[in-house]
Amino acid sequence: MIDTIHHLVERFGLLAVFIGCLAEGESVAILGGFFAHQQVFAPWQAFAVAATGAFFGDTLFFVLGRRFSGHKWVRLLRRRPGFSHAYRMVQAHPNLFVLANRYIYGMRLAGGIAAGLSSIPIPVFVALNALSALVWAALFVSLGYVFGLGAEHIIGDTLKGHQRLLIGLAIGLVVAIAAWLLARHVARKEPLE
């Protein structure tokens, strides 16, 4: 069973990092950095895939807001908690909003749609989004990589082969659950308008 999981991570890990980073992908980027430290794939690969996924995810949300603003799905997303706050922020500080939106857990989807509905020029959005995606990927992949170094120093040689894989998966799961709980807590505090 462990060998199968290890083989799947080696074979599809980078694809999973890309897909995970399309949306709310902090935990996936951290996990990518952890697996890069464990030499499942190269650190530059984890960084490149996380940055690319983050860039394309936010660009997709922007395009949805810009080109499909009247679509039923976009109208439903506009009713999500946090959308009105994101739209006010993008109107007040468009450049800063594009740079910072991906760092606010639970706001990436609503923020991307809000940016698409705003008057931000497409080339400006693309440039700021690319810069933000690069910094974001470097930060979270590095956190995962450093955590791998720290875990190795704390636990020592007992972290061998498959135990590293299980620890990495457990870390990813804990980070994802904590982020989801935080997003739910913040969403409950958002006033409905």
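We number each residue from 1, following the sequence as shown.
- No path of Ile, Leu, Val, Met, Phe, Trp and Tyr side chains, each step under 4.5 Å between heavy atoms, connects L14 with F47, placing them in separate hydrophobic clusters.
- A continuous path of Ile, Leu, Val, Met, Phe, Trp and Tyr side chains, each step under 4.5 Å between heavy atoms, connects W73 with L117, placing both in one hydrophobic cluster.
- A donor-acceptor pair under 3.5 Å is absent between the side-chain atoms of R66 and the main chain of I113, judged by distance alone.
- In this structure, CG in L128 is found 12.0 Å from CG in N101, a value given to the nearest 0.5 Å.
- If you take SG on C21 and CZ on F55, they are separated by 14.5 Å, rounding to the nearest 0.5 Å.
- To the nearest 0.5 Å, the span separating OG1 on T52 from CG on L134 amounts to 8.5 Å.
- What you find for V90 and A115 is that their closest heavy atoms are CG2-CA, 3.9 Å.
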Q: Walk me through it: do V135 and Y103 pass the test side chain to side chain contact (heavy atoms under 4.5 Å, CB included)?
A: CA-CA 10 Å; V135 172; Y103 297 94; 3.4 Å; yes
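- Separation of atoms CG (L109) and CG (L22) is listed at 12.0 Å; rounding is to 0.5 Å.
- Using modelled atom types, no side-chain atom of S132 and backbone atom of N129 make a donor-acceptor pair closer than 3.5 Å.
- G32 and A46 make their closest contact through O-CB, 3.7 Å (heavy atoms, listed as atom of the first residue, atom of the second, distance).
- Under the 4.5 Å side-chain heavy-atom criterion for ILVMFWY residues, a single connected hydrophobic cluster contains both L15 and V49.
- Residues F41 and F18 fall within the same hydrophobic cluster, defined by Ile, Leu, Val, Met, Phe, Trp and Tyr side chains chained together at heavy-atom separations under 4.5 Å.
- Cluster annotation: I19 is not connected to V141 through the hydrophobic network of ILVMFWY side chains, with a link wherever side-chain heavy atoms come within less than 4.5 Å.
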Q.
side chain to side chain contact (heavy atoms under 4.5 Å, CB included) for I122 and F62? Distances and angles first, verdict last.
A. CA-CA 9 Å; I122 294 171; F62 177 83; 3.9 Å; yes
Q | side chain to side chain contact (heavy atoms under 4.5 Å, CB included) between E26 and W136, worked out | A | CA-CA 9 Å; E26 290 84 358; W136 179 88; 3.8 Å; yes
Q. Could you walk me through whether N95 and V124 pass the side chain to side chain contact (heavy atoms under 4.5 Å, CB included) check?
A. CA-CA 8 Å; N95 294 343; V124 171; 3.6 Å; yes
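- Checking side-chain atoms of R108 against main-chain N and O of D58 turns up no donor-acceptor pair under 3.5 Å.
- Relative orientation of the H71 and F68 rings is perpendicular, given thresholds of 30° and 60° on the angle between their planes.
- Between the side chain of Q91 and the backbone N or O of R88 there is no donor-acceptor pair closer than 3.5 Å.
- In this structure, the separation between CZ on F97 and CZ on R102 is 11.0 Å, given to the nearest 0.5 Å.
- Of the possible donor and acceptor atoms, none in the side chain of Y87 sits under 3.5 Å from a partner among the backbone N and O of A110.
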